[in-house]
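Notes for the one structure printed next.
We're numbering straight along the sequence, starting at 1. It should be emphasised that the depicted structure is a prediction, and the values quoted were computed from it without experimental measurement.
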Amino acid sequence: MKTLVVNKDGSLEIKEIPKPEYSAKEALVKTIACGMCGTDVKLIHRSFKGVPESSYPIMLGHEGVGEVVEIGSEVKGLKVGDKVLLTFVDSNPALFGDLGSAWGALSEYAIVQDIEAYKEGTAPSVAYAQTVLSDDLDPVDAVMLVTFREVLSAIRYFGVKPKDSVVVFGCGPVGLTFIKLLNLYGCKDIIAVDIVDEKLKDASASGAKLAFNNKNTNLAEAIRTSYPNGVQYVLDAVGLPSVANQAMSLLADRGSVLCYGVLEKEEITIDFSKASYNWNFICQQMPEKAEEGAAHAQILEWIRSGQLVMKDFISDYFNFDDSVEAYKDLLDRKILKKGIIKF
């Protein structure tokens with residue numbers, strides 16, 4: 001099969017490798033589509049926590065959807081033809097040599113676990129988020145469910161309540177999802193911040209009450225005009241340490257900076273001279289798979305009611321054979337929303 005690889009120097013190429021092997025409790029899937037993510041960018045830059053440069057080259061991709069084509073002898077909850085979410089390819093020295101894995105979903109074939117094949121409490125954590133898709137979902141656009149579920153699980157983890165005010169830094173696919181889901185969650189005091197006016201328009205359409213361009217706005221002045229006591233939360237949806245410092249002048253007493261995703265640097269120096277005496281910094285770098293899986297039902301309800309439309313968050317589709325060029329577009333910030341690689 002073919003897979004997209006990040007080489008030791010950060011370059012991308014499509015390589016030919018064997019299909020992955022699957023155990024008695026797993027299924028082999030043929031990949032249908034995989035989403036492109038900011039996490040991929042950090043992996044390309046070789047700056048993702050937990051993936052040292054010594055582990056490169058690596059297979060890329062973690063937002064995969066595929067169709068089951070073969071099943072292990074103990075599989076009970078999957079059948080050939082099922083469309084499944086969150087497909088991965090792990091490293092396997094016997095098969096792939098020194099090729100490592102950053103989940104590896106940008107491969108022509110991948111693996112899913114069958115949670116029903118395991119005794120209670122013994123399944124790998126990923127199995128709790130690997131889900132069979134219903135027939136009413138477009139399997140290509142359904143890669144958006146990964147982002148939707150991760151974001152909703154983060155909102156629940158952060159403890160945001162409908163009455164709270166939230167500033168969201170970054171209106172790309174993740175930030176836009178936060179704004180939309182916070183709105184559906186009942187939050188009405190949502191303030192969007194970005195440096196691209198087109199993204200701010202999308203944020204307003206998704207439920208942001210106010211939207212400010214960070215390039216030409218005094219944020220502290222603008223936000224405290226409407227919220228003189230500050231806001232409860234400032235959410236970093238871009239993974240920049242500088243956001244924590246900007247947040248200090250925006251937070252209400254005992255307000256919180258919410259950092260979502262893995263930061264490129266593993267240390268942050270915070271100047272809290274402009275903050276109140278009491279504030280919090282909460283970081284969720286990797287959603288728990290059980291929490292992500294538990295968010296599926298609510299996401300599906302919003303989609304089926306028409307309140308959440310997958311295509312609203314997608315701007316570009318690419319064929320797998322063009323994935324190197326697609327990631328160049330992502331790195332050059334030419335993809336405004338979600339880019340999807342189709343197989």
Side-chain angles (χ1 to χ4, degrees), residues 1 3 17-32 34-35 37 39 43 48-52 55 58-96 99-107 109-134 137 139 142-143 145-157 261-262 283-300:
M1 69 174 185
T3 187
I17 63 171
K19 290 180 186 177
E21 296 175 342
Y22 59 96
S23 73
K25 294 178 172 64
E26 297 173 334
L28 179 71
V29 303
K30 191 174 190 308
T31 306
I32 295 170
C34 185
C37 180
T39 294
L43 287 161
F48 191 87
K49 176 180 169 63
V51 185
S55 65
I58 56 170
M59 295 176 281
L60 198 62
H62 65 277
E63 297 182 352
V65 171
E67 180 176 345
V68 174
V69 291
E70 296 177 21
I71 60 173
S73 60
E74 298 177 27
V75 168
K76 303 173 185 176
L78 299 169
K79 64 181 185 301
V80 172
D82 280 345
K83 308 297 191 302
V84 287
L85 183 70
L86 222 60
T87 60
F88 294 143
V89 180
D90 293 330
S91 56
N92 183 335
L95 270 184
F96 309 139
L99 182 60
S101 176
W103 301 287
L106 279 160
S107 304
Y109 291 87
I111 299 297
V112 290
Q113 305 284 338
D114 174 26
I115 196 167
E116 294 185 26
Y118 291 87
K119 292 181 180 178
E120 186 174 352
T122 66
S125 62
V126 68
Y128 293 90
Q130 290 178 321
T131 309
V132 176
L133 298 175
S134 51
L137 296 174
V143 302
L145 268 71
V146 179
T147 302
F148 292 162
R149 301 188 319 178
E150 287 181 352
V151 166
L152 180 56
S153 67
I155 291 170
R156 291 171 171 174
Y157 168 75
V262 177
C283 192
Q284 171 145 309
Q285 297 188 88
M286 192 70 67
E288 290 287 336
K289 292 305 177 187
E291 294 173 352
E292 183 183 334
H296 188 83
Q298 178 62 78
I299 294 299
L300 206 56

* Run the side-chain contact (heavy atoms from CB on, under 4.5 Å) check on Tyr128 and Ile115 step by step: do they pass? -> CA-CA 7 Å; Tyr128 293 90; Ile115 196 167; 3.4 Å; yes
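- Across all their heavy atoms, Ala110 and Phe88 have their closest contact at CB-O, 3.5 Å.
- Residues passing the ring-ring contact (aromatic ring centres under 6.0 Å, His included) test with His62 are Trp103, sequence neighbours excluded.
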* To do: Begin from the C-alpha positions of Val112 and Leu85 and carry the test side-chain contact (heavy atoms from CB on, under 4.5 Å) through to its verdict.
  => CA-CA 8 Å; Val112 290; Leu85 183 70; over 6 Å; no
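- The shortest distance between side-chain heavy atoms of Glu26 and Asp114 does not fall below 4.5 Å.
- Contact check for Val65 versus Thr31: no side-chain heavy atoms found under the 4.5 Å cut-off.
- With a 4.5 Å cut-off on side-chain heavy atoms, Leu28 and Val68 do not count as touching.
- Taking the side chain to side chain donor-acceptor pair (under 3.5 Å) definition, one finds that Lys289 meets it with Glu292, sequence neighbours left out.
- With sequence neighbours left out, Gln298 forms a side-chain contact (heavy atoms from CB on, under 4.5 Å) with Leu152, Arg156, Glu301, Trp302.
- Applying the side-chain contact (heavy atoms from CB on, under 4.5 Å) test to Ala105 and every residue at least two apart in sequence or in another chain returns Cys34, Thr87.
- Glu150 pairs by the salt bridge (charged side-chain N to carboxylate O under 4.0 Å, His left out) definition with nothing, not counting sequence neighbours.
- Inter-residue side-chain proximity for Leu99 and Ser91 is flagged as unmet; no heavy-atom pair is nearer than 4.5 Å.
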* Show the numbers, then the answer: is there a side-chain contact (heavy atoms from CB on, under 4.5 Å) between Glu63 and Cys37? => CA-CA 8 Å; Glu63 297 182 352; Cys37 180; 3.6 Å; yes
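- Heavy-atom minimum distance, Met59 versus Ile17: SD-CD1, 3.8 Å.
- Applying the side-chain contact (heavy atoms from CB on, under 4.5 Å) rule to Gln284 yields the partners Ser153, Ala154, Tyr157, Phe158, Pro287; only residues at least two apart in sequence or on another chain are considered.
- Partners of Ser107 under the side chain to side chain donor-acceptor pair (under 3.5 Å) rule, at least two apart in sequence or in another chain, are Thr3.
- Of all heavy-atom pairs spanning Leu133 and Ala142, the tightest one is CD1-CB, 3.7 Å.
- Side chains of Gln113 and Gln130: no donor on one and acceptor on the other come within 3.5 Å.
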* Asked: Are Val132 and Lys83 close enough, and set up right, to give a side-chain contact (heavy atoms from CB on, under 4.5 Å), and what steps lead you there?
  -> CA-CA 6 Å; Val132 176; Lys83 308 297 191 302; over 6 Å; no
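- Inter-residue side-chain proximity for Asp90 and Ile111 is flagged as unmet; no heavy-atom pair is nearer than 4.5 Å.
- Ser55 meets the side-chain contact (heavy atoms from CB on, under 4.5 Å) test with Val51, Pro52, Ile58; sequence neighbours excluded.
- Taking 4.5 Å as the limit, some side-chain heavy atom of Leu300 sits within range of a side-chain heavy atom of Leu137.
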Validation: residues 72-80 side-chain donor-acceptor distances under 3.5 Å, sequence neighbours left out:
| unit_1 | atom_1 | unit_2 | atom_2 | d |
| --- | --- | --- | --- | --- |
| Glu74 | OE1 | Lys25 | NZ | 2.8 |
| Lys79 | NZ | Asp82 | OD1 | 2.8 |

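- Under the side chain to side chain donor-acceptor pair (under 3.5 Å) criterion, Thr131 pairs with Arg149, not counting sequence neighbours.
- Across all non-hydrogen atoms, the minimal contact from Tyr109 to Val89 is O-CG2, 3.3 Å.
- Listed by chain and number, the residues in a ring-ring contact (aromatic ring centres under 6.0 Å, His included) with Phe96 amount to none (sequence neighbours excluded).
- For Glu21, the side chain to side chain donor-acceptor pair (under 3.5 Å) test picks out no residue, with sequence neighbours left out.
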